[in-house]
**Student:** 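Have a look at this one before I ask anything.
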Amino acid sequence: MRKPLRRLKIQEKTEMEMRPDFIDDGQELTMLTAINSIVTLAEDSELSTMFFEQADRFMVYLSERQGITKMQAVLLSLFIESSASGNKADFSDIARYLDCNNVQVLQYKGEVDGLVKMGILRMIKNNMNGDYDYAVAPTLLDSLSKNEPFQRRSYKDASGIQFFQYFYDITHLRYEDELSSELMLEEIERLMDENPELPYVKSLRSIEMSEISRTVITHMCRHLVLSGTTNIPMNHLVFLFDTQHQKYDFDRMMSEGSHFLVREGWVENAFSEGFKDKEEYQLTAKAREFLLKDYNIKISENKGCDVMQSEKITMKQLFFANNVQRQLESLSELLSEENYLGICNRLKERGLRQGFACLFYGEPGTGKTESVLQIARKTGRDIMQVNISEVKSMWVGESEKNIKAIFDRYRVVAKNSKKVPILLFNEADAVIGKRKEGAERSVDKMENSIQNIILQEMESLEGIMIATTNLVQNMDAAFERRFLYKVKFEKPELAQRTKIWQSMMPRLSADTAGKLASSFYFSGGQIENITRKCDIESILYGDDYVTDEKIEQYCREEKIVKKGSARIGFV
């Protein structure tokens with residue numbers, strides 16, 4: 001169809017001269033023959049009165065068969081001619097074919113838009129000039145060959161998965177610039193209108209939000225349902241909008257948290273290792289539970305916090321005083337799956353809280369963290385480990401969101417795990433200290449806010465939380481009340497120290513192990529340091545290099561803290 005503009009005007013022909021020989025008023029019309037007649041008569045016609053008179057019968061036939069106007073029948077015929085030869089066409093192409101000026105053809109843009117809205121034509125963005133070309137819908141040519149009217153794609157009776165597959169087909173056309181944002185929204189609404197009883201559609205439409213917000217959140221749900229993708233980068237969302245300023249406004253409002261979806265808690269920043277990623281977004285637990293409750297959604301368990309799988313924890317033998325050993329064994333027995341589920345059900349029946357919050361406190365190196373690991377290994381529970389020092393953000397308000405997100409993530413992981421995992425707050429000194437009265441500095445206010453959030457979450461905890469701390473004397477009384485189990489870890493006594501030396505260094509004689517245990521009042525962590533140093537020296541210089549005298553030397557070098565100095569550190 002892309003013929004060059006004519007330089008010379010053709011002399012006006014008579015009606016008989018313009019009439020093609022193939023046209024027979026008595027023949028039975030089909031849509032293809034009508035289109036062929038219109039295309040033939042339209043060439044160089046300048047859309048003259050004579051053209052409309054000669055083509056009227058074909059225009060009427062095609063318009064009635066397709067349910068379109070007579071002018072749309074003309075324009076459609078010309079676009080079909082272009083598409084049949086594998087080309088796309090724009091208004092200037094149509095104008096050249098008709099031997100009209102562009103403005104004369106542009107007056108019919110509304111007619112073309114109508115064909116696009118009906119799904120008969122598709123708009124395809126021209127990457128060369130940014131304008132749109134047009135092509136007929138792929139199924140139209142097939143229906144014409146059967147002399148059947150074009151039927152829009154039906155979305156009726158879609159299954160839950162089919163709904164999101166259809167949604168992908170629509171948004172993909174938008175992604176490929178073959179559908180405007182406005183028409184995309186209309187098509188998505190038609191998809192929902194044809195499936196009003198789908199649980200997802202009913203849930204979504206029960207929320208008062210704009211069409212574009214429904215599209216954004218459905219786009220994110222589609223990613224999660226069809227491909228398991230949770231984190232969606234902003235550039236995978238803004239394509240839903242037509243103009244640059246629409247894209248910019250959406251990006252800005254999402255980033256500021258002022259957009260409806262963020263403000264009302266349906267979408268949030270994605271989290272990497274428990275911390276907010278400002279470039280990506282995800283559905284909140286609230287959105288997943290409300291909108292996708294009928295889908296078997298499995299959220300990756302290593303999002304939000306470091307997840308340590310129980311089967312990958314190395315078994316270690318630990319030595320404690322009898323009272324500590326008894327408490328740890330009792331806790332392990334409680335957290336065995338059979339006992340844990342039974343206790344939770346009993347507590348629920350009595351209307352009591354079902355969460356188990358435990359505090360392991362004591363000096364550094366006394367086995368607090370390792371005890372958590374061994375309980376997890378023994379009970380088959382994964383550990384979600386949170387390092388509070390990394391949660392705090394330089395941006396006011398960010399730390400509070402990070403803390404809240406950690407508990408949200410834990411709830412999701414717990415719900416989708418065979419066994420409820422352990423939420424481990426290691427080095428919790430930074431957040432369970434005494435709250436500051438009359439706080440005025442922003443940092444103090446932030447720390448008080450973090451503590452309040454944790455206290456509230458502990459009240460509604462349904463799971464297992466263990467916190468470790470070295471500085472229990474600074475703990476706020478409100479936290480003390482909320483820890484159901486409290487285990488105090490102290491440096492091992494002589495008998496335990498001897499067993500630790502023998503366990504970590506089996507080559508030591510009983511006398512040497514007893515001598516080292518008696519001479520040095522070490523924690524298990526300090527003994528482990530010396531053991532590792534001996535292993536390194538043995539690798540470098542041979543086993544004979546590490547004598548009993550060398551071990552004693554390493555012990556003296558390990559003890560660098562002077563009497564009376566404050567020990568500050570975390571397990």
Side-chain angles (χ1 to χ4, degrees), residues 88-93 102-103 105-119 121-135 137 164 166-192 204 207-224 227 229-264 266-270 272 276-284 287 395:
K88 295 169 287 188
D90 59 17
F91 286 104
S92 62
D93 295 324
N102 292 339
V103 175
V105 176
L106 278 173
Q107 68 179 314
Y108 299 112
K109 185 178 185 302
E111 303 277 14
V112 174
D113 290 342
L115 292 171
V116 173
K117 192 170 183 179
M118 294 170 68
L121 284 185
R122 289 168 53 188
M123 297 172 61
I124 303 172
K125 194 167 187 178
N126 189 321
N127 294 324
M128 298 292 292
N129 56 26
D131 292 331
Y132 282 93
D133 292 332
Y134 297 87
F164 287 111
Y166 290 149
F167 179 89
Y168 167 78
D169 292 341
I170 297 169
T171 53
H172 188 67
L173 290 176
R174 171 75 205 112
Y175 181 78
E176 295 291 338
D177 279 318
E178 296 186 16
L179 198 64
S180 68
S181 181
E182 179 184 359
L183 292 175
M184 173 194 70
L185 294 178
E186 290 183 8
E187 192 70 2
I188 290 171
E189 285 303 303
R190 189 169 73 87
L191 169 63
M192 293 186 182
L204 183 63
I207 309 166
E208 290 189 13
M209 66 173 74
S210 65
E211 289 182 354
I212 189 63
S213 291
R214 281 204 292 266
T215 297
V216 170
I217 199 169
T218 303
H219 179 66
M220 298 179 75
C221 288
R222 189 274 295 174
H223 271 285
L224 187 55
S227 61
T229 304
T230 55
N231 295 10
I232 310 297
M234 176 53 70
N235 63 345
H236 287 186
L237 294 172
V238 294
F239 81 89
L240 297 168
F241 299 84
D242 274 327
T243 66
Q244 285 301 319
H245 82 265
Q246 288 173 331
K247 296 177 181 180
Y248 171 79
D249 285 346
F250 175 75
D251 190 347
R252 175 182 55 78
M253 292 175 70
M254 292 288 285
S255 179
E256 293 174 351
S258 60
H259 194 279
F260 171 85
L261 293 174
V262 178
R263 191 177 69 246
E264 298 299 320
W266 300 107
V267 172
E268 64 187 357
N269 283 102
S272 176
K276 187 194 308 188
D277 184 340
K278 295 184 179 181
E279 302 300 321
E280 295 187 345
Y281 293 86
Q282 65 183 14
L283 298 169
T284 61
W395 303 106

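Everything quoted here is computed from the prediction, not taken from an experiment. Count residues from 1 along the sequence.
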**Student:** Less than 4.5 Å apart, side chain to side chain, heavy atoms only: is that true for Asp93 and Asp90?
**Tutor:** yes
**Student:** Does Phe91 have its ring centroid less than 6.0 Å away from the ring centroid of Tyr134?
**Tutor:** yes
**Student:** When you look at OH of Tyr108, are more than 12 heavy atoms from neighbouring residues, nucleotides or ligands closer to it than 6.0 Å?
**Tutor:** yes
**Student:** Quick one, Phe250 and Met234 - any side-chain contact, counting heavy atoms below 4.5 Å?
**Tutor:** yes
**Student:** Starting from the C-alpha separation in whole Å, work towards a yes-or-no answer on side chain to side chain contact (heavy atoms under 4.5 Å, CB included) for Tyr248 and Thr243.
**Tutor:** CA-CA 9 Å; Tyr248 171 79; Thr243 66; over 6 Å; no
**Student:** To the nearest 0.5 Å, what is the distance between NE2 (His259) and OG (Ser210)?
**Tutor:** 6.0 Å
**Student:** A side-chain contact here means heavy atoms from C-beta on lying under 4.5 Å apart; do Thr230 and His223 qualify?
**Tutor:** no
**Student:** Are there over 12 heavy-atom neighbours, none belonging to Glu208, within less than 6.0 Å of that residue's CD?
**Tutor:** no
**Student:** I want to check something: taking the side chain as every heavy atom from C-beta on, are Ile207 and Trp266 in contact at a cut-off of under 4.5 Å?
**Tutor:** yes
**Student:** Counting C-beta onward and ignoring hydrogens, is there a side-chain heavy-atom pair between Leu224 and Leu283 closer than 4.5 Å?
**Tutor:** yes
**Student:** Would you compute the distance between atom CD of Glu182 and atom CG of Asp113 and round it to the nearest 0.5 angstrom?
**Tutor:** 8.5 Å
**Student:** Quick check for you: to the nearest 0.5 Å, what is the distance between Leu240 atom CG and Gln246 atom CD?
**Tutor:** 11.0 Å
**Student:** For a quick test of reading the model, state the closest non-hydrogen atom pair linking Thr215 to Phe167 and the distance between them.
**Tutor:** O-CZ, 3.5 Å
**Student:** Could I get the full list of salt bridge (charged side-chain N to carboxylate O under 4.0 Å, His left out) partners for Glu186, not counting sequence neighbours?
**Tutor:** Lys117
**Student:** Main chain of Ser180, side chain of Asp242: is a donor-acceptor contact present, judged purely on distance under 3.5 Å?
**Tutor:** no
**Student:** Under a 3.5 Å distance rule, please check whether Arg174 uses its side chain to pair with a backbone N or O of Phe241 as donor and acceptor.
**Tutor:** yes
**Student:** How far does CD of Glu187 sit from OH of Tyr166, to the nearest 0.5 angstrom?
**Tutor:** 12.0 Å
**Student:** Can you tell me how far CD of Glu280 sits from CG of Asn235, rounded to the nearest 0.5 angstrom?
**Tutor:** 9.0 Å
**Student:** Hey, what do you get for CE (Met254) to CG (Asp249), rounding to the nearest 0.5 Å?
**Tutor:** 13.5 Å
**Student:** Side chains of Met253 and Arg263: does their closest heavy-atom pair fall under 4.5 Å?
**Tutor:** no
**Student:** Do you know which two heavy atoms are closest between Gly119 and Ala137, and how far apart they sit?
**Tutor:** O-CB, 3.3 Å
**Student:** If you apply the rule side chain to side chain contact (heavy atoms under 4.5 Å, CB included), what do you find for Asn231 with Tyr281, and how did you get there?
**Tutor:** CA-CA 6 Å; Asn231 295 10; Tyr281 293 86; over 6 Å; no
**Student:** Contact between Met184 and Thr171 at the side-chain level, heavy atoms closer than 4.5 Å - yes or no?
**Tutor:** yes
**Student:** For the side chain to side chain contact (heavy atoms under 4.5 Å, CB included) test, which of Val238, Val267, Leu237 pairs with Val216?
**Tutor:** Leu237
**Student:** Looking at the rings of Phe239 and His219, which for Trp means the six-membered one, are their centres under 6.0 Å apart?
**Tutor:** yes
